[in-house]
Amino acid sequence: MIKVNYFARLRELTGKAEETIEQQTMTVSELLDWAEATYPGFGKDTMHVAVNEEYALKEDVIQSGDICAFIPPVSGG
């Protein structure tokens, strides 16, 4: 199982702060695809992902027991 945390607008979009995905392994890219399919409008193309509190690349493999967080883009002004 892979634990996923949501922050900011993603928490509002999903209606939850976290959830568990029943997968043993998946790539970060597959996780983003899953998120976009599960929650249309997720914004996978602009999202960064952290795995176990470290930024991950789209080709990185997520293992069961890992904790992931989606990091939305930040704007300033």
Side-chain angles (χ1 to χ4, degrees):
M1 295 187 303
I2 297 168
K3 182 179 174 184
V4 180
N5 293 322
Y6 302 103
F7 302 102
R9 79 166 187 85
L10 298 178
R11 183 178 293 187
E12 295 174 20
L13 177 71
T14 62
K16 54 187 93 171
E18 63 182 50
E19 72 180 302
T20 301
I21 302 172
E22 299 291 332
Q23 292 278 338
Q24 293 300 309
T25 63
M26 67 191 325
T27 64
V28 168
S29 182
E30 291 170 333
L31 176 65
L32 288 165
D33 289 343
W34 171 87
E36 187 68 41
T38 305
Y39 305 106
F42 193 83
K44 72 172 192 172
D45 294 330
T46 60
M47 205 64 57
H48 292 281
V49 176
V51 178
N52 299 326
E53 300 184 6
E54 293 190 19
Y55 279 101
L57 301 174
K58 289 187 176 183
E59 63 270 17
D60 287 348
V61 177
I62 304 164
Q63 304 288 335
S64 179
D66 285 346
I67 299 172
C68 301
F70 293 104
I71 304 167
V74 177
S75 63

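In what follows, residues are counted from 1 in the order of the sequence shown.
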(request) Report yes if some heavy atom in the side chain of Cys68 is under 4.5 Å from a heavy atom in the side chain of Lys3; otherwise report no. (result) no
(request) Using atom types as modelled and distance alone, determine if a side-chain donor or acceptor of Arg11 lies under 3.5 Å from a backbone N or O of Asn5. (result) no
(message) With a 4.5 Å cut-off on side-chain heavy atoms, are Leu10 and Tyr39 touching?
(response) no
(message) Nearest 0.5 Å, please: how far is CD in Gln24 from CE in Met1?
(response) 8.5 Å
(request) Measure the CG-NZ distance between Leu31 and Lys58 for me, rounded to the nearest 0.5 Å. (result) 11.5 Å
(request) Over all heavy atoms of both residues, which pair between Ile21 and Val4 is shortest? Give the atoms and the distance, please. (result) CD1-CG2, 3.4 Å
(request) Take Phe42 and Leu13, measure what side chain to side chain contact (heavy atoms under 4.5 Å, CB included) needs, and give me the verdict at the end. (result) CA-CA 8 Å; Phe42 193 83; Leu13 177 71; 4.0 Å; yes
(request) Kindly compute the distance separating OG1 (Thr20) from CD1 (Ile67), expressed to the nearest 0.5 Å. (result) 9.5 Å
(message) Using every non-hydrogen atom in the two residues, find where Pro40 and Ala37 come nearest and quote the distance to one decimal.
(response) CD-O, 4.2 Å
(message) To the nearest 0.5 Å, what is the distance between CD on Glu53 and CG on Asp66?
(response) 11.5 Å
(request) Find the distance between OG1 (Thr25) and CD1 (Ile2) and round it off to the nearest 0.5 Å. (result) 7.0 Å
(message) Looking at Glu54, I want to see if its CD is surrounded by more than 12 non-hydrogen atoms of other residues, nucleotides or ligands under 6.0 Å.
(response) no
(request) Give the ring-plane orientation class for Phe70 versus Tyr6, where under 30° counts as parallel, over 60° as perpendicular and anything between as tilted. (result) parallel
(request) Mind checking the CD-OG spacing from Glu22 to Ser64? Nearest 0.5 Å is all I need. (result) 8.5 Å
